[in-house]
Amino acid sequence: MSKTKEGLKLYVLRHGQAGAHIDDSAKDAMRPLTAAGRKEIGEIAKSLKTLDVTFDLIASSPMKRALETATIVADKLKETKRLEQWDELKATSEPGALYARLSALKGKMRILLVGHDPHLSGITGEIISGKSNVRLVLKKGGMVKVNVDALRPKVSGELVWLLTTKLMKKVSQ
């Protein structure tokens with residue numbers, strides 16, 4: 001089994017509130033955060049700073065609402081040079097592609113993944129249960145921390161915490 005060296009720490013953040021879903025996938029990819037969504041993610045980022053949470057890498061879906069979410073967090077934590085766009089975090093991507101990308105990383109132990117549901121909930125559920133049909137409820141702006149034990153041949157890990165948007169915002173008050 002391919003164990004991660006010191007244990008990969010994945011922080012998974014669902015994008016903030018965005019406008020109404022658009023049936024045209026190209027137009028939907030450009031859907032931005034709402035003003036309320038930007039404000040809420042700013043508060044969540046402030047909470048992460050208060051908790052002294054840092055990342056070696058921030059990986060975001062290239063879809064506008066996720067990238068805006070990741071950028072707000074990176075700006076607040078002064079980690080903009082660590083922000084990358086990954087197609088593996090698009091809502092339609094296969095989990096295996098993300099696991100392969102994570103496996104290829106060297107020396108990056110604390111990674112923030114920013115993307116969409118049900119993709120993120122499915123990935124998190126699979127890591128902590130070993131089953132692809134287990135899903136957590138991850139509301140917009142919700143965040144989980146998972147300690148990953150292995151990515152290959154089968155993913156495994158442990159849920160450390162799951163925080164709602166409401167709880168995340170209370171930290172910085």
- [ ] Could you check Arg152 against Tyr99 for side-chain contact (heavy atoms from CB on, under 4.5 Å), going step by step and ending with a plain yes or no?
- [x] CA-CA 8 Å; Arg152 294 179 183 233; Tyr99 303 148; 5.8 Å; no
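- The closest side-chain heavy-atom distance from Arg65 to Pro32 is not below 4.5 Å.
- Among all heavy-atom pairs drawn from Met109 and Asp56, the shortest one is N-OD2, 3.2 Å.
- The two residues Leu89 and Ser93 make their nearest non-hydrogen contact at N-OG, 4.1 Å.
- A heavy-atom distance below 4.5 Å is not found between the side chains of His15 and Asp117.
- Judged by distance alone, the side chain of Arg14 and the main-chain N or O of Val114 form no donor-acceptor pair under 3.5 Å.
- Between Glu40 and Lys169, at least one side-chain N (NZ, or NE/NH1/NH2) sits under 4.0 Å from a carboxylate O, which counts as a salt bridge.
- Exactly one residue among Val73, Leu113, Leu120 makes a side chain to side chain contact (heavy atoms under 4.5 Å, CB included) with Leu13. That residue is Val73.
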Open item on the list: Apply side-chain contact (heavy atoms from CB on, under 4.5 Å) to residues Leu151 and Leu8 and explain how you reach the verdict.
Closed with: CA-CA 9 Å; Leu151 291 163; Leu8 177 63; 4.1 Å; yes
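- For the atom pair NZ of Lys76 and OG1 of Thr50, the computed distance is 9.0 Å after rounding to the nearest 0.5 Å.
- For the side chain to side chain contact (heavy atoms under 4.5 Å, CB included) with Val12, the qualifying choice from Leu138, Ile123, Leu112, Ile127 is Leu138, the only one to do so.
- Between Arg110 and Thr54 there is a side-chain heavy-atom pair separated by less than 4.5 Å.
- Considering Glu68, Gln85, His116, Arg31 in turn, His116 is the only one that fulfils the side chain to side chain contact (heavy atoms under 4.5 Å, CB included) rule with Met63.
- A chain of hydrophobic side-chain contacts below 4.5 Å, direct or via other Ile, Leu, Val, Met, Phe, Trp or Tyr residues, connects Ile111 to Val144.
- Of all non-hydrogen atoms in Pro95 and His119, the two that sit nearest each other are N-CE1, 4.3 Å.
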Task: side-chain contact (heavy atoms from CB on, under 4.5 Å) between Glu43 and Met168, worked out - done: CA-CA 8 Å; Glu43 292 169 0; Met168 289 291 292; over 6 Å; no
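- Residues Glu84 and Arg101 approach most closely at OE1-NH2, 3.8 Å, considering heavy atoms.
- Formation of a donor-acceptor pair under 3.5 Å by the Ser132 side chain with backbone atoms of Glu126 is not found in this model.
- Leu136 and Trp161 are assigned to two separate hydrophobic clusters, defined by single-linkage of ILVMFWY side chains at heavy-atom distances under 4.5 Å.
- Taken together through direct or relayed side-chain contacts under 4.5 Å among Ile, Leu, Val, Met, Phe, Trp and Tyr, Val160 and Met143 form part of one hydrophobic cluster.
- Hydrophobic clustering, with ILVMFWY side chains joined whenever heavy atoms are under 4.5 angstrom apart, keeps Met30 apart from Leu67.
- Contact of the Leu10 side chain with the Leu102 side chain is registered, since non-hydrogen atoms from C-beta on lie closer than 4.5 Å.
- The neighbour count for Lys145 NZ, taken as heavy atoms of other residues, nucleotides or ligands under 6.0 Å away, is above 12.
- Grouping the Ile, Leu, Val, Met, Phe, Trp and Tyr side chains by contacts below 4.5 angstrom, directly or via other members, places Val146 apart from Val53.
- Here the side chains of Leu57 and Glu79 are not in contact, with every heavy-atom distance at 4.5 Å or above.
- Taking each heavy atom of Thr69 and Gly16 in turn, the nearest pair found is OG1-N, 3.1 Å.
- In terms of heavy-atom proximity, Lys140 sits nearest to Thr165 at O-OG1, 2.7 Å.
- When side chains are defined from C-beta on, Val137 does not count as touching Leu162, because their heavy atoms never get closer than 4.5 Å.
- Contact annotation: the side chain of Leu83 approaches that of Ser60 to within less than 4.5 Å [non-hydrogen atoms, C-beta and beyond].
- Side-chain atoms of Glu158 and Ile128, non-hydrogen and from C-beta on, never get closer than 4.5 Å to each other.
- Arg82 contributes a side-chain N or O that, together with a main-chain N or O of Phe55, makes up a donor-acceptor pair within less than 3.5 Å.
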Task: Trace of the side-chain contact (heavy atoms from CB on, under 4.5 Å) decision for Trp86 with Leu98 - done: CA-CA 9 Å; Trp86 288 10; Leu98 177 62; 3.7 Å; yes
